[in-house]
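Read through the structure below, which is laid out as structure tokens, and then see the notes.
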Amino acid sequence: MLDMKYLRSHFAEVKERLKFRGEDMSAFEDFEELEKKRRELLGQTEELKSKRNTVSQEVARLKKEKQDADALIAEMREVGEKIKELDADLRDTEEKLEQLMLRMPNIPHESVPAGDSEEDNVEIRTWGNVPEFGFEAKPHWDLATDLDILDFERAGKVTGSRFTFYKGAGSKLERALISFMLDLHTEEHGYTEMMPPYMVNRTSMTGTGQLPKFEEDAFRIEAEDYFLIPTAEVPVTNYHRDEILNGEDLPIAYAAYSACFRSEAGSAGRDTRGLIRQHQFNKVEMVRFVKPEDSYTELEKLTGHAEKVLQLLGLPYRVLDMCSADLGFTAAKKYDIEVWLPSYNEYKEISSCSNFEGFQARRANIRFRREKNGKPEHVHTLNGSGLAIGRTVAALLENYQQEDGSILIPEVLRPYMGGKEKIEKK
RNA sequence: GGAGAGCUGUCCGAGAGGUCGAAGGAGCACGAUUGGAAAUCGUGUAGACGGUUACCGCUGUCUCAAGGGUUCGAAUCCCUUGCUCUCCGCCA
């Protein structure tokens, strides 16, 4: 959510910035009028309440002195009715204003490149060498099925499409990657490990920006009105919802493993094979709560932490600076990290590192105090995948495949794989 | 799932229709005292949203789990929801 006071005084400017990201502003045209109406109603009702308060004290005094207060009480009864009316009107106006605000996307940072589509994202660096195979390389779904380490078919029977069973060395590899990434982030990068709930309530989903606009992307538990988390970002960011943090404790950094659930509404027909687009996948997520003035250096740091995982795994990747059209609803600035995927013969997103500035902090009411008795300010929040595990498995299988269909295990993972050097057919 | 108890400020805890943003402690901050500390004493110690303002500030409204209701007036009475605790049942 944007800052209401800022919006009030810079509405024209904000409109320009949001048009820059391709947002249709017609839905927000009512903002100024609603905002003005809100303040008018607030002024009126507060004035009456003030009157009621003073007169009520007067009534108390008269009664104490055994004097007649009936006239005042009658008068206040009317005032009470009027207040009730105004309050109802005010509530209605505030509700409309809030709904509007909750659907207004974040303002892009000035460094965000202009663009109309994902074509305009800017590649800012690449790392590693794209492998060249002296044989016909296979996609990971074929490799994995041959090795009997993934079973998409039976998952289809047991649940439905876009699910999988990990099996044997495949399951162990998934587990190894989770442990490896968590250990790296906690031991080398200073994160505190966390395992969050996989279901959250509506308030949490609204806090991080998945709701109200993107409800169809999430799985919902109807009986409780809970949502399966699409990413650990949701529970972990909301961990500090409605809190005032101690400025000295910032930055606060959490690394959380969780399963993630996405309905993939609107993705029918895309990436139908393999691990790339599943309804359920594992991910290690990094979340940072920082001071506003630090958030852009923090974003570089966070992105570096995600890149480090790929470097240690020896997987070639590139980093993209997301253009104005591809920023997503909540981010002010976003880098995507894409790993090389031989089966696609291109780079494919494996991590997304974002600076939300105060956008989530305002929604979720996460603040901090610089000094003991200082005024609370909103923190800036950031998060990034470090990394999506399923896609990492896909990349490992494809990039480390051998001619005989076996998979070489990168050195850093071997301690987590019982010392095993390769995955091969039994 | 059944029965019961509770939810007040950073924490503990009073409060039972008007004088309550809320007694009293503790904690914390600052000051006095001290060679320094402990102890002691003094002072201070919410947030949101408006108005006003160059700034310090001043001022109004709201907030005692959340939302609604009764009343001239609600922390206090009523209703709904959430959460916590105890006992029973079921259970990884």
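Residue numbering restarts at 1 for every chain, and letters A, B, ... go by the order of the sequence lines. All figures in this text were calculated on a predicted structure; none of them were measured in a lab.
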Give me the distances for all protein-to-nucleotides 80-85 of chain B N/O pairs that come in under 3.5 Å?
none

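Comparing the same atom, P, in B:A29 and in B:U61 gives a spacing of 34 Å after rounding to whole Å. When the P atom is compared between B:U63 and B:A74, the two are found 8 Å apart, to the nearest whole Å. B:A65 and B:G6 have their C1' atoms separated by 11 Å, given to the nearest Å. For the P atoms, the distance from B:U19 to B:G73 is 14 Å, rounded to whole Å. The same atom, P, is picked in B:A26 and in B:U81; the two are 41 Å apart, to the nearest Å. The same atom, P, is picked in B:G17 and in B:U76; the two are 11 Å apart, to the nearest Å.
Considering only the side chain of A:Ser56, B:G18 comes nearest among B:G47, B:G18, B:G50. Each of B:G68, B:A48, B:G51 was ranked by its minimum atom distance to the side chain of A:Arg91; first place goes to B:G68. Out of B:C49, B:G47, B:C72, the shortest distance to the side chain of A:Glu46 is found at B:C49. In this structure, of B:A48, B:C62, B:G18, it is B:G18 that holds the atom nearest to the side chain of A:Lys63. Of the candidates B:U61, B:A48, B:C72, B:C72 carries the atom nearest the A:Arg77 side chain, counting heavy atoms from C-beta on. For A:Arg8, the side-chain atoms get nearest to B:G50 when compared with the rest of B:C72, B:G50, B:G47. Taking only side-chain atoms of A:Lys84, from C-beta outward, the nucleotide of B:A48, B:U70, B:G18 with the closest atom is B:U70. Among B:G68, B:G18, B:C49, the nucleotide with an atom closest to any side-chain atom of A:Leu42 is B:C49. Residue A:Arg369 has its side chain nearest to B:G47 when only B:U61, B:G47, B:G50 are considered.
A:His279 and A:Phe163 have tilted rings, their planes meeting at an angle from 30° to 60° on a 0 to 90° scale. In this structure, A:His305 and A:His189 have parallel ring planes: the angle between them is below the 30° cut-off, well short of the 60° mark.
Contact of A:Gln57 with B:G18 (side chain to base): no donor-acceptor pair of N or O atoms is detected under 3.5 Å.
Neither side chain, A:Thr330 nor A:Asn106, offers a donor N or O lying under 3.5 Å from an acceptor on the other. Inspection of the A:Asn53 and A:Ser50 side chains reveals no N or O donor paired with an N or O acceptor under 3.5 Å. Under 3.5 Å, the side chains of A:Glu398 and A:Ser343 contain a donor-acceptor pair of N or O atoms. Looking at A:Thr208 and A:Glu233, their side chains never bring a donor and an acceptor atom within 3.5 Å of each other.
In terms of phosphate contacts, A:Arg367 brings no side-chain nitrogen or oxygen within less than 4.0 Å of OP1 or OP2 of B:G47.
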For residues 175-183 of chain A, run the donor-acceptor check on the side chains, cut-off 3.5 Å, and write out each pair with its distance to 0.1 Å, sequence neighbours left out.
from	atom 1	to	atom 2	distance (Å)
A:Ser179	OG	A:Arg175	O	3.3
A:Asp183	OD2	A:Tyr416	OH	2.6

